[in-house]
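As a basis for the values below, the full set of heavy atoms in this structure was taken, side chains included, without hydrogen atoms, waters or symmetry mates. In the text below, chain A, chain B and the rest are named by the order of the sequence lines, each starting its count at 1. Because the structure is predicted, anything quoted here is derived from the model rather than measured.
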Number of protein chains: 2
Amino acid sequence: MQQRNADRTKARILAAAIEEFAARGIAGARVDRIAEVAGCNKAMLYAYFGNKDGLFDAAFSASVEQYLDEVGFDADDLPAYAGRVFDYFEAHPDRLRLSTWYRLERPHGQPLEAIVAVNQSRLDELQRGMRRRVVTRQFSAVSLLSLIQAIATSWSSMNPEYGADEPNATVRRRAVLMAVQKILS
Amino acid sequence: MQQRNADRTKARILAAAIEEFAARGIAGARVDRIAEVAGCNKAMLYAYFGNKDGLFDAAFSASVEQYLDEVGFDADDLPAYAGRVFDYFEAHPDRLRLSTWYRLERPHGQPLEAIVAVNQSRLDELQRGMRRRVVTRQFSAVSLLSLIQAIATSWSSMNPEYGADEPNATVRRRAVLMAVQKILS
DNA sequence: ATTAAACAACCAACCAGTTAGTTAGGCCCA
DNA sequence: TGGGCCTAACTAACTGGTTGGTTGTTTAAT
């Protein structure tokens with residue numbers, strides 16, 4: 001095992017950054033802590049990612065890429081898509097937190113191109129589905145996408161005061177799928 | 001106009017705190033900035049609210065109280081309830097941000113009693129509605145509440161990369177109401 | 001095959017500016 | 001005149017970011 005390897009170090013920094021940013025957000029994250037978890041010196045973060053914000057962007061982009069890759073999209077079977085979104089965030093709740101923090105803390109001058117492109121391709125696919133009459137035309141494509149996203153992640157947007165009342169993952173998943181089916185009918 | 005008035009000062013601190021915390025979260029908020037906006041000395045915040053977290057809790061509680069008061073709840077007409085939720089957060093987007101930050105940043109040892117109480121009363125009301133067959137029994141009460149909440153605030157949970165595609169408030173409101181009706185049918 | 005130069009990866013220590021929180025005392029009204 | 005309201009000034013600790021130098025790795029001429 002080599003002692004010096006830029007790619008390996010970058011990857012470890014990114015992983016540590018995702019963890020720290022997901023837990024505490026941009027303002028709450030501590031660069032020193034990320035460096036420590038990554039097992040390297042703080043100066044490396046600055047060498048590779050410029051500054052704290054640059055590191056967040058890199059970490060979030062990496063996280064999103066993974067997500068898009070794993071979840072995919074399918075206008076022909078939107079309930080299944082919603083199920084995959086639900087499953088992904090059930091398995092990786094930190095990724096949802098990360099994206100929430102992105103919404104809250106990033107001043108959105110230039111949107112991430114990767115996301116813009118994916119958004120557009122999904123809208124297109126939905127609209128094709130509508131023309132082919134396999135997708136309801138009662139909502140606009142954006143509305144539909146937004147509703148499905150919100151439903152699939154509905155549990156994580158609840159206030160935490162429900163606590164004990166919160167049903168288990170299986171029940172919640174069923175509710176999500178049923179809700180999406182009803183929206184589409 | 002009197003120059004000294006504890007209640008008035010407290011209220012101005014609270015208002016300034018809501019603004020600052022909504023914009024930047026707990027970690028990102030600056031106590032000095034809150035004091036400046038409130039037009040008083042920083043020491044007053046500490047005299048009245050103990051510390052930064054205490055101030056956040058007070059600000060958030062005040063915000064929630066206002067919200068619960070204004071929006072209310074009605075198990076007999078859930079689409080209308082969803083509409084009111086939508087309208088409230090359309091008019092006060094900062095309140096939604098505040099509650100998101102509460103979810104993300106607050107270590108939930110003791111939940112806010114006010115919220116617990118309201119949650120419970122809503123669940124009870126929903127269950128009564130189910131027994132009276134005016135509310136669908138296809139979902140559990142918690143699931144239903146969670147879904148409606150998510151749908152009513154769905155637009156604010158979207159990633160910001162949609163930008164230009166985002167429809168206007170009227171269209172979005174219609175989508176929310178229709179979605180809730182479909183869920184309930 | 002050696003070796004020396006060139007380069008890339010890495011780090012300990014430091015810095016200037018910022019932050020939450022405190023203190024000691026002044027001011028105002030009853 | 002006394003107690004609650006208010007402030008300027010302060011501090012100890014922390015934070016993002018930098019610097020100057022060290023060490024491992026590759027390259028290429030000998």
Side-chain angles (χ1 to χ4, degrees), chain A residues 1-62 98 101-102 104-107 109, chain B residues 1-62 98 101-102 104-107 109:
Chain A
M1 167 153 168
Q2 54 216 331
Q3 289 160 326
R4 297 184 162 216
N5 183 325
D7 288 343
R8 180 188 301 259
T9 304
K10 268 188 213 176
R12 287 169 60 183
I13 292 174
L14 239 32
I18 288 179
E19 192 182 323
E20 174 77 1
F21 283 126
R24 318 201 186 220
I26 301 179
R30 292 297 163 248
V31 173
D32 291 288
R33 216 180 283 140
I34 295 175
E36 196 194 324
V37 171
C40 72
N41 190 275
K42 191 172 37 156
M44 300 310 296
L45 317 192
Y46 288 93
Y48 291 139
F49 302 102
N51 57 27
K52 200 188 190 186
D53 283 347
L55 179 55
F56 178 85
D57 285 350
F60 180 58
S61 297
L98 199 63
W101 253 308
Y102 172 70
L104 288 178
E105 291 195 289
R106 225 54 252 259
Chain B
M1 166 154 168
Q2 54 218 332
Q3 288 162 329
R4 301 189 156 215
N5 183 326
D7 288 343
R8 180 187 301 258
T9 304
K10 268 189 213 176
R12 287 169 61 183
I13 292 175
L14 239 32
I18 288 179
E19 191 182 323
E20 175 76 1
F21 283 126
R24 317 198 187 224
I26 300 179
R30 293 296 161 249
V31 173
D32 291 291
R33 216 180 282 137
I34 295 174
E36 195 194 324
V37 170
C40 72
N41 190 275
K42 192 170 37 153
M44 299 310 295
L45 317 192
Y46 289 93
Y48 290 139
F49 302 102
N51 58 25
K52 200 189 190 186
D53 283 347
L55 179 54
F56 177 86
D57 285 349
F60 180 59
S61 296
L98 199 63
W101 253 309
Y102 171 69
L104 288 178
E105 292 196 288
R106 213 70 203 127

For B/K52 and B/F21, which heavy atoms make the closest approach, and how far apart are they? O-CZ, 3.9 Å
Are A/I13 and A/T9 close enough that some pair of their side-chain heavy atoms sits under 4.5 Å apart? yes
Take atom NZ of A/K10 and atom P of C/dA8, then tell me their distance rounded to the nearest Å. 12 Å
Round to the nearest Å and state the distance from A/R8 atom CZ to C/dA9 atom P. 14 Å
What are the two closest heavy atoms between B/A59 and B/L98, and how far apart are they? O-CD2, 4.4 Å
Do the side chains of A/L14 and A/L55 get nearer than 4.5 Å, heavy atoms only? yes
Whole angstrom value for the distance that separates C1' of D/dC14 from CZ of A/R24: 14 Å
From OH of A/Y48 across to P of D/dG17 the rounded distance in Å is 18 Å
Check whether any side-chain heavy atom of B/F60 lies under 4.5 Å from a side-chain heavy atom of B/W101, and answer yes or no. no
What's the CZ-P distance between A/R12 and C/dA9, to the nearest Å? 15 Å
Do the side chains of B/R24 and B/R33 get nearer than 4.5 Å, heavy atoms only? yes
Whole angstrom value for the distance that separates C1' of C/dC27 from CE of B/M44: 13 Å
Let me have a per-nucleotide readout for nucleotides 13-20 of chain C, 5' to 3', with B, S or -, counting only protein heavy atoms under 4.0 Å. ------SB
In whole Å, I'd like the distance from the CZ atom of A/R4 to the P atom of C/dC10. 6 Å
If you define the side chain from C-beta out and look only at heavy atoms, does anything of A/V31 sit under 4.5 Å from A/E20? no
Does D/dC6 have OP1 or OP2 sitting under 4.0 Å from an N or O in the side chain of B/T9? yes
Please determine whether side chain to side chain contact (heavy atoms under 4.5 Å, CB included) holds for the pair B/D57 and B/F49, giving the CA-CA distance in whole Å, both sets of side-chain angles, and the decisive distance to 0.1 Å. CA-CA 9 Å; B/D57 285 349; B/F49 302 102; over 6 Å; no
Quick check on the helix from C/dA1-D/dT30 to C/dA30-D/dT1: what's the angle between its two end axes, five base pairs per end, to the nearest 10°? 0°
Counting side-chain heavy atoms from C-beta on, which of D/dC6, D/dT7, C/dC10 comes nearest to B/C40? D/dT7
Between CG on residue A/L104 and CG on residue B/L104, distance to nearest 0.5 Å: 6.5 Å
